Protein chains: 2
Amino acid sequence: MKAAEPIVFVVDDDASVCKALDRLIRSVGLKAETFPSAKDFLRREPHNGPSCLVLDIRMPGLSGLDLQRELAAKDYSIPIIFITGHGDIPMSVQAMKAGAVDFLPKPFSDQELLDAIHAALEKDTLAREERAELSNIQRRIGSLTPREHEVFVRVVTGMLNKQIAWELGASEKTIKVHRARVMEKMGVQSVAELVHLAEKAGIPTPKV
Amino acid sequence: MKAAEPIVFVVDDDASVCKALDRLIRSVGLKAETFPSAKDFLRREPHNGPSCLVLDIRMPGLSGLDLQRELAAKDYSIPIIFITGHGDIPMSVQAMKAGAVDFLPKPFSDQELLDAIHAALEKDTLAREERAELSNIQRRIGSLTPREHEVFVRVVTGMLNKQIAWELGASEKTIKVHRARVMEKMGVQSVAELVHLAEKAGIPTPKV
DNA sequence: ACCTCCATTGGACTAAGGTCCAATTTACAC
DNA sequence: GTGTAAATTGGACCTTAGTCCAATGGAGGT
């Protein structure tokens, strides 16, 4: 599948704001989608490509901060740029602590928002690559049988075949077979590469 | 050397604020040091133990944000809690983007500041452990001779001795010797552990 | 019943890594 | 010049890992 087009999502209960931002964003050649409420945005299926979210803080129903929490809870990672007409410092600090990329009090210039959007899309692009690689690794790990997985985690901590065999109550020969399958399924040629993948997948490596 | 005591640094040009914060911080059993200006703080040698910085934004001479930049530039990593009487949202956002742990507009409650301080000290404690481990690893890497280092970086990418030998124009035998020294100097028993250390030190591991 | 996947193990080898002992050459500092 | 550290290489040998071929037994699905 080809790389999906970047999209800028806008969530604001004020239709005129949505319309203005939509026009601004399209004026620089980016695709935009606007939503009148957090719930409407949540109904849209996640976009398969770089995206970011321009989010009003104050809205009826779910507020912008609520939506941020909601998205974090469901592991829907997307860079958020907050905009607000009546924000205060604690609110901005809370939003930034929760990972927002920017927080723009109205009035802001077109350029300020566009700069923030480009930074956010750039950030999301990198984050997506990271996630894609990670899910690729985890897919491979998922293809391991239970026994292979047991061998895998021990190999990446530097255990010898004989040690693994003893710990798992099997013969060294059996471990060799599992180990070979692990290397093949994970698509690596060396222990170094295997450890490299394990680190990325967050699998405990040596104690140091 | 034993673990150094945590210290909370306070930088504020208002002597009465310094005094009040000093009393507050000491009241919960923490050590405090106050400075009337950023320059005074910069003159103090870095503390060898957990610490954090409570920093006023608006000051004559170097401002709080200036000091934050200054510290970042000289790699002096310390969690910063900003306090201010006349801050605005963009200022707080900038500070948070630059890594501040909190940003408290006056008036704030004693508890708010103390909570922030405890969080900051906790964060610094973890960061210090990270840095200590990293510098320990880098010290060991630094003890490698140039040739050993060349072998090291190739081993952690999964190259075979014979491949390394060919690439470095030496015999496989020589590589074995260097490799053995690398393992010894780095204090590891297995390639897995070696790769683990290399990852932490940011040394390029396999492409994959 | 039959088939597939998983787990196991053996034998026979090949290849790769590691160890011990020993020796040479070069560069640089005292 | 002498000494030290670094880089090199050989030989002999042992330990580990990996490969090819072959085979058995159990669990679960068709």
Side-chain angles (χ1 to χ4, degrees), chain A residues 137-199 201 203-208, chain B residues 137-199 201 203-208:
Chain A
I137 293 171
Q138 288 183 324
R139 181 179 49 68
R140 281 182 272 173
I141 292 179
S143 78
L144 300 177
T145 68
R147 203 55 162 171
E148 283 164 359
H149 193 274
E150 291 184 300
V151 173
F152 169 58
V153 299
R154 286 167 176 77
V155 168
V156 296
T157 61
M159 286 176 69
L160 299 178
N161 283 344
K162 60 165 56 175
Q163 296 175 312
I164 300 174
W166 183 80
E167 191 168 306
L168 296 183
S171 79
E172 188 179 337
K173 182 68 220 221
T174 305
I175 304 303
K176 283 191 181 182
V177 174
H178 287 318
R179 185 169 178 152
R181 282 213 190 296
V182 169
M183 300 292 280
E184 186 202 335
K185 286 187 178 178
M186 295 300 291
V188 298
Q189 316 290 315
S190 66
V191 177
E193 293 172 81
L194 195 68
V195 173
H196 184 61
L197 296 185
E199 297 260 353
I203 282 174
T205 26
K207 53 283 137 145
V208 179
Chain B
I137 293 172
Q138 288 183 324
R139 181 179 49 69
R140 280 182 273 173
I141 292 180
S143 78
L144 299 178
T145 67
R147 202 56 161 172
E148 283 164 1
H149 192 274
E150 292 184 301
V151 172
F152 169 57
V153 299
R154 286 167 177 75
V155 168
V156 297
T157 61
M159 286 176 69
L160 298 178
N161 283 344
K162 60 165 57 173
Q163 296 175 311
I164 300 173
W166 183 80
E167 191 168 307
L168 296 184
S171 80
E172 189 178 337
K173 181 67 221 218
T174 305
I175 304 303
K176 283 190 180 182
V177 174
H178 287 318
R179 186 168 177 153
R181 281 213 193 297
V182 169
M183 299 292 280
E184 186 202 335
K185 286 187 178 179
M186 295 300 292
V188 298
Q189 319 290 316
S190 65
V191 177
E193 293 172 81
L194 196 68
V195 174
H196 185 60
L197 296 186
E199 297 259 353
I203 282 174
T205 26
K207 49 292 137 137
V208 180

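Each chain gets a letter, A, B and so on, in the order its sequence line appears, and its residues count up from 1. Quantities reported herein were computed from a predicted structural model and do not represent experimental measurements. Note that these values count all heavy atoms, side chains included, but never hydrogens, waters or copies made by symmetry.
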ask   = To the nearest angstrom, how far is A:R181 atom CZ from C:dA7 atom C1'?
value = 10 Å
inquiry  = Output the rounded distance in Å from CD (B:E184) to C1' (C:dC20).
reply    = 14 Å
query = Within the structure, does a side-chain N or O atom of B:N161 lie under 4.0 Å from either OP1 or OP2 of C:dA16?
reply = no
Please list, one pair per line, the donor and acceptor atoms closer than 3.5 Å that link side chains of residues 177-185 of chain B to other protein atoms, with sequence neighbours excluded.
residue	atom	partner	partner atom	Å
B:R179	NH1	B:N161	OD1	2.6
B:K185	NZ	B:S143	O	2.9
B:K185	NZ	B:E148	OE1	2.8

query = If you pin A:M183 and B:I175 to their nearest nucleotides in DNA chain D, which one's is more 5'?
reply = B:I175
remark   = Between the CD1 atom in A:I175 and the NZ atom in A:K162, the distance rounded to the nearest 0.5 Å is 13.0 Å
ask   = Ignoring hydrogens and geometry, is there a side-chain-to-backbone donor-acceptor pair from A:E193 to A:S190 under 3.5 Å?
value = yes
query = Of the nucleotides D:dA12, D:dA17, D:dC20, which one has an atom closest to the side chain of B:K173?
reply = D:dA12
ask   = C:dG11 P sits how many Å from A:E172 CD, rounded?
value = 13 Å
task = Check every atom of C:dG17, D:dA17, D:dT19 against the side chain of A:A180 and return the nucleotide holding the closest atom.
result = D:dT19
key: Atom pair distance, as rounded to whole Å: CG in B:L194 and C1' in C:dG17   = 14 Å
Tabulated below should be each protein N or O lying under 3.5 Å from an N or O of nucleotides 3-8 of chain D; please produce it.
residue	atom	partner	partner atom	Å
D:dA7	OP1	B:R147	N	3.0
D:dA7	OP2	B:T145	OG1	2.2
D:dT8	OP1	B:R147	NE	2.6
D:dT8	OP1	B:R147	NH2	2.5
D:dT8	OP2	B:R147	NE	3.0
D:dT8	OP2	B:H178	NE2	2.9

query = How long is the line joining NZ of B:K176 and P of D:dC14, in whole Å?
reply = 14 Å
ask   = Taking atom OG1 of A:T205 and atom CG of A:L194, what is their separation to the nearest 0.5 Å?
value = 11.0 Å
task = Starting at CD1 of B:I164, measure out to NZ of B:K176 and round the result to the nearest 0.5 Å.
result = 12.0 Å
request  = Starting at CZ of A:R154, measure out to CG of A:L168 and round the result to the nearest 0.5 Å.
outcome  = 4.5 Å
ask   = Taking atom C1' of D:dA17 as reference, at what distance in whole Å does atom CZ of A:R179 sit?
value = 7 Å
